[in-house]
There are 2 protein chains.
Amino acid sequence: MATTTAAQRREQARADYDAFLRECPTNQLLGRLSDKWVSLVVAALSTGPMRYSDLGRRIAGVSPKMLTQTLRALERDGLVSRTVTPSVPVRVDYELTPLGASLAALLTAVKDWAETHFEEVRAARERYDEEGAA
Amino acid sequence: MATTTAAQRREQARADYDAFLRECPTNQLLGRLSDKWVSLVVAALSTGPMRYSDLGRRIAGVSPKMLTQTLRALERDGLVSRTVTPSVPVRVDYELTPLGASLAALLTAVKDWAETHFEEVRAARERYDEEGAA
DNA sequence: CTGCATCCTTAATGATACTG
DNA sequence: CAGTATCATTAAGGATGCAG
């Protein structure tokens, strides 16, 4: 007979599932896109190369920490390239790689979907919220 | 002369930007997709209607709380429909709406991108990590 | 200018137990 | 079966100060 509790079983299942999700490329990508700043950085860079501080200004309200963190993650994934010009003061340019540009295209698809269907979503929300209030 | 500190200015900028982002359909959509469970629920439902507990089993390791929360959010956005059959015991079916199906299609596009380019990303990561170690 | 290390606060997540 | 309410935990985000 099983002496495992529901909690134990779920925990085990979760562990397995987490492992699976970590391996799943789709989910890794979604994780990236989900990052609040990634889409903004990619969008900003899609218009051309930019310096670190330019990105900081363009993406208002980002802290240096998050900007660096985001750029590092994108660089690691081969989505942006980082070019250091050892002048004084130092100058660092970031640019989308071809792979990054391809991701930007995907982001455009997401954007198109959002703009195409947003009105439906908004209407659905209104309906839902009114029913709840009634 | 400006007596505002960098922090104050950034805070203001962030407030404005946050307001803008909340209005931005694309970002709202990305927020949805970013939700860990949304993609899983949509994927599960894309194969057909499912009952609450079926979803719970299919998506291993999800707690009732998160499952309900996710379903409510999707329902509010008009992406899934909720059908209660007042039998004993009660039976509740969830199903993708046409709008939800269209979102599932978008998710497929994301999945395709991920599968197409994942090898490149993996290679980039390896390169990056090795350089760091060297 | 660019970026890293640190600390701190908040918000999301998950476990649990109970109700219609 | 389907879902809600509560509580504990943790992980992400952000501010700050300093260094190369």
Side-chain angles (χ1 to χ4, degrees), chain A residues 4-15 17-18 21-22 31-32 34-38 40-41 49-76 80-95 132, chain B residues 4-15 17-18 21-22 31-32 34-38 40-41 49-76 80-95 132:
Chain A
T4 53
T5 65
Q8 287 175 316
R9 264 177 281 121
R10 190 164 57 230
E11 190 182 355
Q12 178 59 42
R14 204 168 67 77
Y17 211 64
D18 280 357
L21 286 179
R22 263 195 301 279
R32 262 298 135 60
S34 79
D35 194 289
K36 184 181 174 186
W37 303 111
V38 165
L40 298 171
V41 168
M50 275 186 137
R51 299 181 57 174
Y52 181 86
S53 49
D54 288 335
L55 281 168
R57 267 185 296 276
R58 171 81 167 261
I59 304 170
V62 68
S63 64
K65 177 187 171 183
M66 292 317 291
L67 184 53
T68 298
Q69 189 174 305
T70 303
L71 287 167
R72 286 289 176 282
L74 292 175
E75 191 194 352
R76 185 168 108 96
V80 307
S81 64
R82 178 171 178 270
T83 311
V84 181
T85 309
S87 54
V88 179
V90 136
R91 173 200 177 103
V92 181
D93 285 275
Y94 289 93
E95 183 175 11
Chain B
T4 53
T5 66
Q8 286 174 317
R9 265 178 281 123
R10 190 163 58 231
E11 189 181 355
Q12 178 58 41
R14 204 166 67 77
Y17 211 65
D18 279 358
L21 287 178
R22 264 195 302 279
R32 263 296 136 60
S34 81
D35 195 289
K36 183 180 174 185
W37 303 110
V38 165
L40 297 170
V41 167
M50 276 188 136
R51 300 180 57 172
Y52 182 87
S53 49
D54 288 335
L55 281 169
R57 265 186 296 278
R58 171 80 167 261
I59 303 170
V62 68
S63 64
K65 176 187 172 183
M66 292 317 293
L67 184 54
T68 299
Q69 189 174 304
T70 302
L71 287 168
R72 286 287 178 283
L74 292 175
E75 191 194 353
R76 185 169 107 97
V80 307
S81 64
R82 178 171 176 272
T83 311
V84 180
T85 308
S87 55
V88 179
V90 132
R91 174 199 177 101
V92 181
D93 285 274
Y94 290 93
E95 183 176 11

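Chain letters run A, B, ... following the sequence lines, proteins first, then strands; residues in each count from 1. Just so you know, these numbers use all the heavy atoms, side chains as well, and skip hydrogens, waters and symmetry mates.
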Walking DNA chain D from its 5' end, the first of A/Val90 and A/Met66 to be reached, judged by nearest nucleotide, is A/Met66
The bend of the helix from C/dC1-D/dG20 to C/dG20-D/dC1, taken between the axes of its five terminal pairs at each end and rounded to 10°, is 50°
Taking only residues two or more places apart in sequence or in another chain, which ones pass salt bridge (Lys or Arg N to Asp or Glu O under 4.0 Å) with B/Arg58? none
Which whole-number value in Å describes the distance from A/Trp37 CH2 to D/dG13 P? 9 Å
Within the 4.5 Å heavy-atom criterion, are B/Asp35 and B/Thr70 side-chain neighbours or not? yes
Could you state the atom-to-atom distance from CD of B/Gln69 to P of D/dT4 in whole Å? 11 Å
Nearest-Å distance, CG (A/Leu67) to P (D/dT16)? 17 Å
Using salt bridge (Lys or Arg N to Asp or Glu O under 4.0 Å) as the criterion, list what pairs up with A/Arg57, not counting sequence neighbours. A/Asp54
In this structure, how many angstroms lie between the P atom of C/dA12 and the NZ atom of A/Lys36, rounded? 11 Å
OP1 or OP2 of D/dC1 versus the side-chain N and O atoms of B/Tyr94: is any pair under 4.0 Å? no
Show the distances under 3.5 angstrom between N or O atoms of the protein and N or O atoms of nucleotides 4-7 of chain C.
unit_1: C/dC4; atom_1: OP1; unit_2: A/Arg72; atom_2: NH2; d: 3.1
unit_1: C/dC4; atom_1: OP2; unit_2: A/Arg72; atom_2: NH2; d: 3.4

Within this structure, what is the CD-to-P distance between B/Glu75 and D/dA2, rounded to whole angstrom? 15 Å
Apply side chain to side chain contact (heavy atoms under 4.5 Å, CB included) to A/Arg72 and list each qualifying residue two or more places apart in sequence or on a separate chain. A/Thr68, A/Glu75, A/Arg82, A/Tyr94, B/Tyr128
Side-chain touch B/Asp93/B/Val84, heavy atoms, less than 4.5 angstrom: no
So do the side chains of B/Val41 and B/Leu74 get within less than 4.5 Å of each other, counting heavy atoms only? yes
On DNA chain C, more 5' by nearest nucleotide between B/Asp35 and A/Pro89 is A/Pro89
A/Leu55 CG to C/dT2 C1', in whole Å, measures 12 Å
Can you find a side chain N or O atom of A/Arg51 that sits less than 4.0 Å from OP1 or OP2 on C/dC1? no
Between C/dT2 (P) and A/Asp54 (CG): distance, integer Å: 8 Å
Quick check: do A/Val92 and A/Val90 have side-chain heavy atoms less than 4.5 Å from each other? yes
Beyond-backbone contact of B/Leu71 with B/Leu55, side-chain heavy atoms, under 4.5 angstrom: yes
If the condition is side chain to side chain contact (heavy atoms under 4.5 Å, CB included), which residues does A/Lys36 pass it with, not counting sequence neighbours? B/Asp18
